[in-house]
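Structure record follows, encoded as structure tokens.
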Amino acid sequence: NQAITKSIQNHNLIDHPSWRLKVIQLNDTVLVRHGVMLVGPSGAGKSTIISVLQDALTNSTTLPHKRIRINPKAIRTEEMFGETDR
């Protein structure tokens, strides 16, 4: 939680409890899911939540956390989700 607080301050944001909860929920989801897609109206804070979480993880683990965007139409399904034995 201290890393999230520091990251929120670094982004000059207001540390609102419901917004902080969204950062924690995204982290919990990323830990148990293969991939994550954030959807919502523009201006809802999707990109900012990802940035805050990324910075908090980098600061708390001292490992750089990278965000990679891919175009799912540019690669095969097997390349995105992994090959399976047939």
Side-chain angles (χ1 to χ4, degrees):
N1 278 337
Q2 291 176 350
I4 294 174
T5 301
K6 184 177 178 183
S7 183
I8 289 172
Q9 291 171 352
N10 290 343
H11 282 84
N12 296 321
L13 300 170
I14 296 170
D15 192 358
H16 195 274
S18 64
W19 197 84
R20 170 188 282 276
L21 179 61
K22 294 297 178 189
V23 175
I24 294 168
Q25 288 173 340
L26 177 61
N27 184 47
D28 292 344
T29 302
V30 167
L31 291 174
V32 297
R33 300 286 179 213
H34 178 74
V36 175
M37 179 176 16
L38 294 181
V39 295
S42 45
K46 301 175 297 289
S47 297
T48 306
I49 287 173
I50 292 173
S51 295
V52 167
L53 179 59
Q54 181 180 353
D55 291 347
L57 291 172
T58 298
N59 292 333
S60 65
T61 62
T62 66
L63 296 172
H65 283 72
K66 297 180 182 179
R67 183 174 9 161
I68 300 172
R69 292 183 182 184
I70 59 171
N71 179 358
K73 294 180 181 179
I75 61 175
R76 297 180 9 247
T77 303
E78 293 80 12
E79 291 174 311
M80 187 180 329
F81 297 111
E83 301 283 340
T84 58
D85 295 335
R86 296 180 196 229

Connected hydrophobic set around Ile14, excluding itself, where side chains approach under 4.5 Å |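 Cluster partners of Ile14: none, it stands alone.
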
Return a table of donor-acceptor pairs under 3.5 angstrom between the side chains of residues 41-48 and protein atoms on other chains or two or more places apart.
residue	atom	partner	partner atom	Å
Lys46	NZ	Gly40	O	3.1
Lys46	NZ	Pro41	O	2.8

Looking at residues at least two apart in the chain, or sitting in another chain, which of them share a side-chain hydrogen bond (donor to acceptor under 3.5 Å, both in side chains) with Ser18?
->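 Only His16 meet the side-chain hydrogen bond (donor to acceptor under 3.5 Å, both in side chains) criterion with Ser18.
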
Counterpart residues, side-chain hydrogen bond (donor to acceptor under 3.5 Å, both in side chains), relative to Asp15 (two or more places apart) =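 If we apply the side-chain hydrogen bond (donor to acceptor under 3.5 Å, both in side chains) test to Asp15, skipping adjacent residues, the hits are Arg20.
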
Residue pair Ala3 / Ser60: nearest heavy atoms and the distance that separates them =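 So the minimum-distance heavy-atom pair works out to CB-CB, 3.8 Å.
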
Nearest 0.5 Å, what's the CG-NZ distance between Leu57 and Lys66?
->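 With rounding to 0.5 Å, CG (Leu57) is 15.0 Å from NZ (Lys66).
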
How many angstroms lie between CD1 in Ile50 and CG in Asp55, if you round to the nearest 0.5 Å?
->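 It is 12.0 Å, given to the nearest 0.5 Å.
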
Ile4 side chain reached by Asn1 side chain, heavy atoms, under 4.5 Å =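 Answer yes - side chains close enough.
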
Check for a donor-acceptor pair, side chain of Gln9 on one end and backbone N or O of Lys6 on the other, with a separation under 3.5 Å.
->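 Judged by distance alone, no pair lies under 3.5 Å.
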
Ignoring hydrogens and geometry, is there a side-chain-to-backbone donor-acceptor pair from Thr58 to His65 under 3.5 Å?
->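 Present.
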
Output a table of donor-acceptor pairs, distance under 3.5 Å, between side-chain atoms of residues 26-33 and any protein atom two or more places apart or on a different chain; print 'none' if there are none.
residue	atom	partner	partner atom	Å
Thr29	OG1	Gln25	O	2.8

In terms of hydrophobic clustering (I, L, V, M, F, W, Y; side-chain heavy atoms under 4.5 Å; direct or indirect links), are Ile70 and Leu38 co-clustered?
->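 No, no single cluster joins them.
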
Between Leu53 and Leu21, is there a shared hydrophobic cluster once you connect ILVMFWY residues whose side-chain heavy atoms come closer than 4.5 Å?
->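 Leu53 and Leu21: separate clusters.
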
Excluding sequence neighbours, so at least two apart, what forms side chain to side chain contact (heavy atoms under 4.5 Å, CB included) with Ser51?
->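 Once residues adjacent in sequence are excluded, the partners of Ser51 under the side chain to side chain contact (heavy atoms under 4.5 Å, CB included) criterion are His11, Arg67.
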
Decide yes or no on side chain to side chain contact (heavy atoms under 4.5 Å, CB included) for Glu79 and Thr77, but give the supporting numbers first.
-> CA-CA 5 Å; Glu79 291 174 311; Thr77 303; over 6 Å; no

